[in-house]
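Have a look at this one.
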Protein chains: 2
Amino acid sequence: MKNDQLLNSTCSMTRTMGILGGKWKPLIIWSIGKRRIRFGQLAAHIPLISRKVLAEQLKELEESGLILREAFNEVPPRVDYLLTENGLRLLPILKALSEWTCSCEATVADASLVKTAN
Amino acid sequence: MKNDQLLNSTCSMTRTMGILGGKWKPLIIWSIGKRRIRFGQLAAHIPLISRKVLAEQLKELEESGLILREAFNEVPPRVDYLLTENGLRLLPILKALSEWTCSCEATVADASLVKTAN
DNA sequence: GTTACTAGTAACCTTAAGGTAACTATCATG
DNA sequence: CATGATAGTTACCTTAAGGTTACTAGTAAC
């Protein structure tokens with residue numbers, strides 16, 4: 001599946017998957033949050049993703065207009081990432097998502113308690 | 001990356017990606033919505049996904065407790081899918097996501113209007 | 001009595017996604 | 001004067017994800 005096909009859909013949920021689909025982008029946006037953060041910090045914050053993939057995803061997020069990349073002309077290199085307006089507007093939604101996950105886990109935990117009680 | 005690693009994370013956003021990560025699951029949940037829907041209808045509703053992958057994703061969603069599968073013992077076979085409580089609670093969040101996408105597109109459209117005006 | 005219909009599944013193959021290791025440049029420290 | 005630190009990138013390879021085709025079963029319509 002080419003991602004373009006998702007992006008060109010007339011269904012806005014399908015286009016959403018074209019922008020945010022995959023395993024990493026919401027997590028990266030959430031990890032950046034409201035602060036300015038360096039590449040290395042970000043990589044340390046999300047240890048499950050390799051630096052190569054992180055760099056790729058960041059480039060795509062920049063192209064989608066969700067993050068800004070600020071490179072300083074220093075050696076050793078320094079690059080900061082931060083969310084754009086559009087990226088920031090995603091944060092409360094991501095927060096709701098993560099709370100949803102926790103509440104789902106709570107229902108599962110309750111169910112297993114009941115099971116244990118039998 | 002094994003999906004289990006995401007699911008076992010201590011970070012709830014990472015676990016969220018373990019549950020909903022990928023390109024299809026939110027779209028499938030959104031397509032089911034509040035109704036009861038047959039496999040074939042669902043496939044027709046999301047033409048970009050193949051039936052094989054759709055079946056796989058539905059199975060995973062069922063295992064995650066987000067959808068229910070009701071098979072009728074008929075020939076030709078009939079199977080209905082519908083959201084569980086946990087699945088239903090996701091709908092408003094997905095709606096917010098899709099509205100977010102539309103509003104992002106609006107800002108891009110505005111920007112190109114400005115550009116055209118120059 | 002052939003055909004179509006449905007909801008998958010299995011085998012097989014292709015493509016996308018991800019991982020690893022090596023490399024760059026230059027300044028600061030030991 | 002060698003070492004380490006940073007933010008990547010490239011080449012190369014592996015793994016995950018997805019697509020295609022063929023197949024099933026029993027009833028209904030033609």
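Order of the sequence lines fixes the chain letters, A, B, ..., with proteins taken first and strands second; residue numbering starts at 1 for each chain.
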Nearest-Å distance, CD1 (B:I49) to P (D:dT20)?
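Interatomic distance, CD1 of B:I49 to P of D:dT20: 13 Å.
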For A:Y81, report the nucleic acid contact type (base, sugar-phosphate, nothing); a contact means any heavy atom under 4.0 Å.
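The answer is sugar-phosphate, as A:Y81 gets under 4.0 Å only of primed atoms, P, OP1 or OP2.
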* Asked: Rounded to the nearest Å, what distance is computed from the CG atom of residue A:D80 to the P atom of nucleotide D:dG8?
  ->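 Atom CG in A:D80 sits about 10 Å away from atom P in D:dG8.
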Legend entry - Residue A:P76, side-chain atoms from C-beta onward, closest of D:dA5, D:dG18, C:dC5: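 Within the option list, the nearest is D:dA5.
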Requested in this report: Mind listing the closest non-hydrogen atom pair of B:M17 and A:G22 along with its distance?
Outcome: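 B:M17 and A:G22 have their closest heavy atoms at SD-O, 4.4 Å.
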- Item | Short side-chain N/O contact from A:R78 to OP1 or OP2 of D:dG8, under 4.0 Å |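 Indeed not, no polar side-chain atom of A:R78 lies that close.
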Point to revise | Of A:K23 and A:R38, the one whose closest DNA chain D nucleotide lies more 5' | key: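 Here A:R38 is the residue nearer the 5' end.
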key: Salt-bridge contact A:K59-A:E63 (side-chain N to carboxylate O under 4.0 Å)   =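 So A:K59 does not pair with A:E63 through a salt bridge.
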(request) Would you mind reading off the distance between B:N3 atom CG and C:dG18 atom P, rounded to a whole angstrom? (result)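 So the CG-P distance, B:N3 to C:dG18, works out to 11 Å.
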Quiz item: Contact class for A:L48 (heavy atom, under 4.0 Å): base, sugar-phosphate, or nothing?
Solution: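 Sugar-phosphate contact only - A:L48 comes under 4.0 Å of backbone atoms but never of a base.
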So which nucleotide from C:dT9, C:dC5, D:dA11 ends up closest to the side chain of B:A55?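 Within the option list, the nearest is C:dT9.
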Taking every non-hydrogen atom, the tightest pair across B:M1 and A:K23 |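 Heavy atoms only, the tightest pair is O-NZ, 4.0 Å.
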inquiry  = Nearest whole Å is fine: how far is D:dA7 P from A:L42 CG?
reply    =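 My rounded result for the distance is 10 Å.
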Atom pair distance, as rounded to whole Å: CG in A:N73 and C1' in D:dT6: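 So the CG-C1' distance, A:N73 to D:dT6, works out to 13 Å.
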**Asked** In terms of side-chain geometry, is the basic nitrogen of A:R89 or A:E85 positioned less than 4.0 Å from the acidic oxygen of its partner?
**Response**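 Between A:E85 and A:R89 there is no salt bridge, as every charged N stays at least 4.0 Å from the carboxylate O atoms.
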- Query: Would you call B:E70 and B:R36 a salt bridge, using N to O less than 4.0 angstrom?
  - Reply: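 The answer is yes: the pair qualifies as a salt bridge.
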Send over the distance from A:L58 CG to C:dG18 C1', rounded to a whole Å.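 Answer to the nearest Å: 15 Å.
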Review point. Do you know which two heavy atoms are closest between B:R38 and B:P77, and how far apart they sit?
Key: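 Smallest interatomic distance, heavy atoms only, reads NH2-O, 3.4 Å.
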Exercise. Is B:Q57 touching bases, backbone alone, or none of the nucleic acid, heavy atoms closer than 4.0 Å?
Worked result: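 It contacts sugar-phosphate atoms only.
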Give a yes/no on whether any side-chain N or O of B:W24 is located under 4.0 angstrom from OP1 or OP2 of D:dG18.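 Yes, such a contact exists.
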Review point. Does A:R51 place a side-chain N or O at less than 4.0 Å from the phosphate oxygens OP1/OP2 of D:dT9?
Key: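 Checking A:R51 against D:dT9: no side-chain N or O falls below 4.0 Å of OP1 or OP2.
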**Study point:** Selected nucleotide, minimal atom distance to A:V79 side chain, candidates C:dG19, C:dT26, D:dG8
**Key:**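 Of C:dG19, C:dT26, D:dG8, D:dG8 is nearest to the side chain of A:V79.
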- Item | Nearest-Å distance for atom pair CD/P, residues A:E74 and D:dT6 |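 From A:E74 CD to D:dT6 P: 13 Å.
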Practice problem: Report the distance from atom CD1 of A:I46 to atom C1' of C:dG18, rounded to the nearest whole Å. | Solution: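 Spelled out: CD1 on A:I46 to C1' on C:dG18 is 15 Å.
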Problem set entry | D:dG8 OP1/OP2 closer than 4.0 Å to side-chain N/O of A:K59 |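 The answer is no; no side-chain N or O of A:K59 sits under 4.0 Å from OP1 or OP2.
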- Counting heavy atoms from C-beta on, name the nucleotide in C:dA25, C:dG19, D:dG26 closest to the side chain of B:M1.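 Looking only at side-chain atoms, B:M1 lies closest to C:dG19.
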| field | A:K52 side chain, from C-beta outward: closest of C:dG8, D:dA7, D:dT10 | value |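 Nearest to the side-chain atoms of A:K52, counting from C-beta on, is D:dT10.
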### Task
Could you please name the option among C:dG8, D:dT20, C:dC5 that lies closest to any side-chain atom of B:S50?
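Of the candidates, D:dT20 comes closest.
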